[in-house]
Engineer: 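Quick one: the structure is below, and I'll ask about it shortly.
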Amino acid sequence: MKRAFLAALGLATTLAMPAAAESLKVGLLLPYSGVYAALGNDIDAGFELGLKTFGAETTATFEILREDTEVKPPVALGKAKKLILQDKVDVVAGIVSSGVLGAVRDMIDGAGVPLIVANAGNDEATGADCSPYITRMSFSNGQVNRPMGAWMAAQGIKKVYTLAPDYAAGRQMIDAFAASYTAAGGEIVGQEFTPFQKTQDFGPYLAQAKASGAEAVYVFYAGGEAISFVKQYDSFGLKAELPLYGSGFLTSPLYVNAEGPAAEGVITALHYVPTIDNAENKTFAEAFTAATGRVPSEFAVQGYDAARALVEATKTGAADREALARALRQVSFDGPRGKTSIDPATNNVVQPIYVYETVAGENGLTQKVLAQLPAEADPVNGCQMAPVSN
Ligand code: PHB
């Protein structure tokens with residue numbers, strides 16, 4: 001209606017911004033420095049590979065502008081403003097930290113720029129704070145931890161101690177695990193949240209875990225913190241006595257070789273491991289290793305699938321921001337992680353979850369899949385999605 005009215009006045013073209021239709025500016029908001037720098041670089045490499053692999057399927061072309069969020073929400077907000085207001089990007093992709101996602105959410109929603117989340121699991125971004133402009137191709141914090149509660153209880157583990165960094169992701173991951181674990185009859189005998197980006201010595205927390213009477217420990221740590229934690233856990237002599245479990249970022253293939261033998265036997269769950277046996281994953285893993293010399297991680301696949309989702313959305317003819325946002329919500333494909341689709345009720349990805357054990361392989365540590373748990377859409381968690389205006 002509004003557009004027809006403006007068209008009559010000859011103003012519709014400025015409103016719809018179709019000029020960028022075939023050449024889209026993509027702002028990549030990622031940590032290229034700080035504790036999550038390696039994660040950001042892997043997402044970036046996956047995104048580039050995704051555009052290279054699928055780009056020919058669309059007539060759109062993509063210009064990438066990169067900004068370093070570090071792991072600092074106020075820095076990230078400044079960079080988001082630059083990309084949106086100054087560089088006038090058509091779409092933003094990336095974001096690793098849940099804290100950063102929380103900080104940029106209102107800016108993205110208010111500006112009406114589509115955001116493809118390529119990591120940050122912040123539950124609220126696809127729950128109470130959902131937005132028709134925010135689509136997540138990675139995971140939610142609840143989604144990757146909830147299944148492990150029931151799974152561990154089913155293994156007969158009755159008492160668990162939990163640890164995680166003290167910020168949004170740590171709290172949400174542990175809450176989701178604890179809720180499903182206790183619902184299945186398990187008991188959380190103690191928990192601690194460690195100062196984020198500041199904890200170098202986990203010793204005092206490990207002493208508490210040991211004294212708690214737990215039969216196992218469940219944690220979330222990622223990046224540099226995961227490497228220190230896993231190594232200290234082993235050198236503290238806890239692994240044999242108190243088996244270590246967690247969300248799979250703990251032993252990500254991106255840095256598991258830096259953890260070394262300390263990671264062997266750790267059991268975790270995630271939406272992707274490079275050993276998933278399907279044709280899409282074989283193609284992706286070979287191409288990623290050829291391009292980077294690395295085995296692909298969950299971060300790499302998230303970048304790759306974010307680029308694929310963008311290509312899919314432009315294939316529908318979507319050119320302006322509103323049409324792109326609408327098309328992103330309908331993306332669905334068979335990818336390296338299995339069937340991958342967006343739940344239009346929350347804009348969060350729906351995907352299987354893999355329980356895996358880190359084991360010694362021929363070429364270093366590898367991921368042995370113990371169970372594939374069925375894909376489940378997240379609860380809507382208060383998300384009320386306003387329709388994207390026409
Ligand atoms: C997050 O902050 O949401 C986050 C960061 C690193 C991960 C997973 C989640 O590996």
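Remember, it's 1-based here, ligands and their atoms both numbered in the order they're listed.
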Engineer: Taking only residues two or more places apart in sequence, or in another chain, which ones meet Y304 in a side-chain hydrogen bond (donor to acceptor under 3.5 Å, both in side chains)?
Structural biologist: none

Engineer: Is E124 salt-bridged to R171, cutoff N-O under 4.0 Å?
Structural biologist: no

Engineer: Taking only residues two or more places apart in sequence or in another chain, which ones pass salt bridge (Lys or Arg N to Asp or Glu O under 4.0 Å) with D68?
Structural biologist: none

Engineer: Looking at Y245 versus F177, is the centre-to-centre ring distance below 6.0 Å?
Structural biologist: no

Engineer: Please list, one pair per line, the donor and acceptor atoms closer than 3.5 Å that link side chains of residues 216-227 to other protein atoms, with sequence neighbours excluded.
Structural biologist:
unit_1, atom_1, unit_2, atom_2, d
Y218, OH, N145, OD1, 2.6
Y221, OH, T194, OG1, 2.8
E225, OE2, Q197, N, 2.9

Engineer: May I ask you to decide if the ring planes of F288 and F284 are parallel, tilted or perpendicular, using 30° and 60° as cut-offs?
Structural biologist: tilted

Engineer: What short N/O contacts, under 3.5 Å, does ligand 1 make with the protein, listed by atom pair and distance?
Structural biologist:
unit_1, atom_1, unit_2, atom_2, d
ligand 1, 2 (O), S98, N, 2.7
ligand 1, 2 (O), Y167, OH, 2.5
ligand 1, 3 (O), S98, N, 3.3
ligand 1, 3 (O), S98, OG, 2.6
ligand 1, 3 (O), G121, N, 3.0

